[in-house]
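A quick write-up on the structure given underneath.
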Amino acid sequence: MLEWTPEQILGILDLAARMKKVPGNFKNALLGKTLLMVFEKASTRTRLSFEVGMTQLGGHAIFLGRGQSHLAKADLADEAKCMERYVDLIMARVYDHSTIQTFSASVNIPVINALCDRFHPCQILADLLTIQEKLGELSGRKLAYLGDGNNVCNSLIVGCLKMGMRVSVAVPDHRDYRPDSEVLVFARDFGDRFELIYDADRAVQDADVVYTDTWVSMGDEAEKATRLPFFLPFQVTKERLGRAIFMHCLPAYRGLEVTDEVIDCEQSVVFDEAENRLHVQKAVMHRLLLG
Ligand code: CP
Ligand code: NVA
């Protein structure tokens, strides 16, 4: 997401929208192609959307869990170099961003980040498509993100700012819960289109979209008890939602980052957002393999 131009991102959104509208036009586009899906962490939406997406495009997807392969103990670059002899495309969900970088540096086929400790770019492409569908033109819209300055928050800042949106992020005033420092440097160039504050009520003012994510990401489970008191003031409530649409990458922890009333209300678009993972994943694979 940091490397892509706004035109490249818009191109993916446009292709995803066309695939969603007439899936049959792309039925055998990736016939004979194989996607390898490497997972160090759990997943519902990412695994299903990539695997189903590949099936719908006429290709094949292989799931490789860390525990069922040699990845946990072997040299990662060696394993990656073998993988590329069999498959056309790799997607990986990993703990450390450096693992994605090692994959990418070791092979000559495309590598997709399907979530790491720092980023979740595929999610944000689906989010942008959803905002476009619900609100039209992205440019000028305001997204307020409340909660943890995590992987989803980092990629949202990058994706939304590149699309001309305004982004207000409200996080606890604690150095461990702020967005990534590289992302904050990136955001600095966007002037008053970006703000990082510690006040949830202020962040949601005039927001078109209110977005949140779990307060305890995968890998942070041991910190749950320490984290919760810092995040309780950042819950998305009906009052904070106002007239905005509500978004969440899911899985959501009801009663923590969001109330039942919000996630179940008419303004909540979380299931359309989840569906759009499929259309966007297909567009990303199509673009990476066919140009
Ligand atoms: N939003 C998302 O990435 O969901 P999964 O963890 O279920 O893949
Ligand atoms: N921030 C969450 C996103 C899950 C899709 C995590 O990393 O666990």
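One-based numbering, in listed order, for ligands and for the atoms of each. Treat the numbers as computed from the prediction; the structure is a model and nothing was measured.
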Answer yes or no on whether Lys282 is positioned over the face of Phe26, meaning its NZ or CZ is under 6.0 Å from the six-membered ring centre and within 45° of the axis. no
Step-by-step ring pair (Phe, Tyr, Trp, His ring centres under 6.0 Å) determination, Tyr211 to Phe246: CA-CA 6 Å; Tyr211 198 120; Phe246 173 70; 7.8 Å; no
For residues 102-109, please give each side-chain donor-acceptor pair under 3.5 Å, one per line with the distance, not counting sequence neighbours.
from   : atom 1 : to     : atom 2 : distance (Å)
Thr102 : OG1    : Ser98  : O      : 2.9
Ser106 : OG     : Thr102 : O      : 2.5

Calculate, to the nearest 0.5 Å, the distance between atoms NZ and CZ belonging to Lys142 and Arg193 respectively. 13.5 Å
Dump all N/O pairs between ligand 1 and the protein below 3.5 Å as a table: atom names plus distance, one pair per row.
from     : atom 1 : to     : atom 2 : distance (Å)
ligand 1 : 1 (N)  : Gln123 : OE1    : 2.9
ligand 1 : 1 (N)  : Cys249 : O      : 2.9
ligand 1 : 1 (N)  : Leu250 : O      : 2.9
ligand 1 : 1 (N)  : Arg277 : NH1    : 3.4
ligand 1 : 3 (O)  : Thr46  : OG1    : 3.0
ligand 1 : 3 (O)  : Arg93  : NH2    : 3.0
ligand 1 : 3 (O)  : His120 : NE2    : 2.9
ligand 1 : 3 (O)  : Arg277 : NH1    : 3.0
ligand 1 : 4 (O)  : Arg45  : NE     : 2.9
ligand 1 : 4 (O)  : Leu250 : O      : 3.4
ligand 1 : 6 (O)  : Arg93  : NH1    : 2.8
ligand 1 : 7 (O)  : Thr44  : N      : 2.6
ligand 1 : 7 (O)  : Arg45  : N      : 2.9
ligand 1 : 7 (O)  : Arg45  : NE     : 3.2
ligand 1 : 7 (O)  : Arg45  : NH2    : 3.0
ligand 1 : 8 (O)  : Ser43  : OG     : 2.7
ligand 1 : 8 (O)  : Arg45  : N      : 3.4
ligand 1 : 8 (O)  : Thr46  : N      : 2.8
ligand 1 : 8 (O)  : Thr46  : OG1    : 2.7
ligand 1 : 8 (O)  : Arg93  : NH1    : 3.3
ligand 1 : 8 (O)  : Arg93  : NH2    : 3.3

Output the rest of the hydrophobic cluster of Leu115: all Ile, Leu, Val, Met, Phe, Trp and Tyr residues reachable through side-chain heavy-atom contacts under 4.5 Å, sorted by chain and number. Met218
Tell me whether Ser43 contacts the main-chain N or O of Phe39 through its side chain, where contact means a donor paired with an acceptor under 3.5 Å. no
Treating Lys162 as the side-chain partner and Met1 as the backbone partner, does any N or O pair qualify as donor plus acceptor under 3.5 Å? yes
Aromatic ring pairing Tyr177/Phe231, orientation class (parallel under 30°, perpendicular over 60°, tilted between): tilted
Determine the sole option in Thr99, Val94, Ile100 for which the side-chain contact (heavy atoms from CB on, under 4.5 Å) test with Asn113 is passed. Ile100
Could you please provide the protein residues found below 4.0 Å of ligand 2 on a heavy-atom basis, arranged by chain and number? Leu115, Asn150, Asn151, Asp213, Thr214, Ser217, Met218, Leu250
